[in-house]
Amino acid sequence: MQKKWLDLYNTLEKIEDDFLDYQNRKDLLPIREQLNNIQEFALWFLQENPLGMGKEAFAQAKNEMIAILQDIVSAIEANDYVLMHDAITYGVMEYLKACTQKMAEAE
């Protein structure tokens, strides 16, 4: 599972780098192509508590993850690349990074 999430993180990082290029900034297609993987990660995160958080902290993290997913949907509907960038960079990628680091420590 760690490799799968690390691959997703690296893919999103490349897409994030493209946001720095004005020509690619408004192209949400690369993110749309990763939606199934993002959804799969979110479901896994919500079900597994992979960071081993306490009950309250995990409840807050679950709410944050759901808000991130809602932001992604809103960004697609409004074609809002700024919201998409923020949801991916400061949302999904932060959780992916934390989870892959936790998994690496466990090995």
Side-chain angles (χ1 to χ4, degrees):
M1 195 60 76
Q2 179 184 359
K3 181 177 176 358
K4 184 176 193 167
W5 301 146
L6 190 56
D7 289 346
L8 177 57
Y9 180 87
N10 291 333
T11 300
L12 294 177
E13 189 172 48
K14 165 106 176 66
I15 293 168
E16 174 196 10
D17 289 344
D18 284 346
F19 275 107
L20 298 175
D21 180 359
Y22 186 76
Q23 298 290 332
N24 295 328
R25 184 174 292 169
K26 294 185 179 181
D27 183 11
L28 295 180
L29 183 61
I31 293 291
R32 287 179 181 214
E33 292 172 346
Q34 295 302 316
L35 287 178
N36 286 339
N37 293 328
I38 292 169
Q39 180 183 12
E40 184 179 349
F41 169 74
L43 288 172
W44 172 79
F45 181 88
L46 294 170
Q47 293 171 350
E48 299 294 325
N49 188 7
L51 299 176
M53 300 175 173
K55 186 175 182 177
E56 288 183 28
F58 185 54
Q60 181 180 348
K62 285 167 56 172
N63 288 336
E64 288 174 7
M65 181 63 73
I66 291 168
I68 291 164
L69 295 174
Q70 289 171 334
D71 285 348
I72 290 171
V73 171
S74 295
I76 290 171
E77 290 174 348
N79 203 32
D80 185 340
Y81 64 91
V82 174
L83 179 58
M84 180 65 79
H85 176 266
D86 289 350
I88 296 299
T89 303
Y90 305 114
V92 174
M93 288 180 68
E94 289 297 316
Y95 279 106
L96 277 165
K97 184 177 180 180
C99 289
T100 56
Q101 286 176 344
K102 181 81 169 180
M103 293 166 123
E105 291 171 5
E107 288 183 355

Chemist: Under the side chain to side chain donor-acceptor pair (under 3.5 Å) test, which residues partner Asn10, sequence neighbours left out?
Modeler: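 Side chain to side chain donor-acceptor pair (under 3.5 Å) list for Asn10, sorted by chain: empty.
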Chemist: Under a 4.5 Å cut-off applied to non-hydrogen side-chain atoms, are Val73 and Leu69 in contact?
Modeler: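 The answer is no, as the side chains (C-beta and beyond) never meet within the 4.5 Å cut-off.
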Chemist: Just verifying a value: how many Å separate Ile66 CD1 and Phe45 CZ, rounded to the nearest 0.5 Å?
Modeler: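 Those atoms lie 10.5 Å apart.
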Chemist: Looking only at heavy atoms, what is the nearest atom pair of Leu83 and Ala75, with distance?
Modeler: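 Smallest interatomic distance, heavy atoms only, reads CD2-N, 3.9 Å.
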Chemist: Is the count of non-hydrogen atoms from other residues, nucleotides or ligands lying under 6.0 Å from Asn36 atom CG greater than 12?
Modeler: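 Atom CG in Asn36 is not packed in, count stays at 12 or less.
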Chemist: Which distance, rounded to the nearest 0.5 Å, do you find between the OG1 of Thr89 and the CG of Leu12?
Modeler: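 Rounded to the nearest 0.5 Å, the OG1-CG separation comes out at 8.5 Å.
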Chemist: Between Leu35 and Ile76, does a side-chain contact (heavy atoms from CB on, under 4.5 Å) hold up when you go through it step by step?
Modeler: CA-CA 11 Å; Leu35 287 178; Ile76 290 171; 3.5 Å; yes
Chemist: Got a second to check how far Tyr81's OH is from Asn79's CG, nearest 0.5 Å?
Modeler: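 Here the interatomic distance stands at 10.0 Å.
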Chemist: Any side-chain heavy atom of Leu6 sitting closer than 4.5 Å to one from Leu96?
Modeler: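 No, their side chains stay 4.5 Å or more apart.
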Chemist: State the OG1-CD distance between Thr11 and Glu16, to the nearest 0.5 angstrom.
Modeler: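 Rounded to the nearest 0.5 Å, the OG1-CD separation comes out at 12.5 Å.
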Chemist: How would you list, by chain and number, every residue that makes a side chain to side chain donor-acceptor pair (under 3.5 Å) with Lys55, sequence neighbours excluded?
Modeler: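 Partners of Lys55 by the side chain to side chain donor-acceptor pair (under 3.5 Å) criterion come out as none, since no residue qualifies.
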Chemist: Should Leu51 and Met1 be counted in the same cluster of Ile, Leu, Val, Met, Phe, Trp and Tyr side chains packed under 4.5 Å apart?
Modeler: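 Leu51 and Met1: one cluster.
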Chemist: For Asp80, check salt bridge (Lys or Arg N to Asp or Glu O under 4.0 Å) against everything at least two apart and list the hits.
Modeler: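 Partners of Asp80 by the salt bridge (Lys or Arg N to Asp or Glu O under 4.0 Å) criterion come out as none, since no residue qualifies.
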Chemist: In the single-linkage hydrophobic clustering (I, L, V, M, F, W, Y; side-chain heavy atoms under 4.5 Å), do Met84 and Val82 co-cluster?
Modeler: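 Same cluster.
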Chemist: Tell me the side-chain hydrogen bond (donor to acceptor under 3.5 Å, both in side chains) pairs involving residues 67-76, sequence neighbours left out?
Modeler: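 Sorted result for residues 67-76: empty, none.
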Chemist: To the nearest 0.5 Å, how far apart are CZ in Phe58 and CG in Leu46?
Modeler: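 If I round to the nearest 0.5 Å, the distance is 6.0 Å.
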Chemist: Mind jotting down which residue pairs meet the side-chain hydrogen bond (donor to acceptor under 3.5 Å, both in side chains) criterion with at least one end in residues 93-104? Sequence neighbours excluded, please.
Modeler: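 Listed by first then second residue: Glu64-Tyr95.
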Chemist: Sequence neighbours left out, what passes side chain to side chain donor-acceptor pair (under 3.5 Å) with Asp86? Give chain and number order.
Modeler: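 Asp86 satisfies side chain to side chain donor-acceptor pair (under 3.5 Å) with no residue once adjacent residues are dropped.
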Chemist: Please name the residue in the list Val92, Ile88, Leu8 that meets the side chain to side chain contact (heavy atoms under 4.5 Å, CB included) test with Gln34.
Modeler: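 That would be Leu8; it is the only one of Val92, Ile88, Leu8 passing the side chain to side chain contact (heavy atoms under 4.5 Å, CB included) with Gln34.
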Chemist: If you take all heavy atoms of Gly91 and Ile68, which pair is closest and at what distance?
Modeler: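 In terms of heavy atoms, the two residues are closest at CA-CD1, 3.4 Å.
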Chemist: Tell me, which pairs form a side-chain hydrogen bond (donor to acceptor under 3.5 Å, both in side chains) where one or both residues lie in residues 40-50, sequence neighbours left out?
Modeler: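 Pairs touching residues 40-50 that pass the test: Lys4-Glu40.
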Chemist: Do Ile72 and Tyr90 sit in one hydrophobic cluster, given that two such residues count as connected whenever their side-chain heavy atoms are within less than 4.5 Å of each other, even indirectly?
Modeler: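 No; tracing contacts between hydrophobic side chains, which count when under 4.5 Å, never links both residues.
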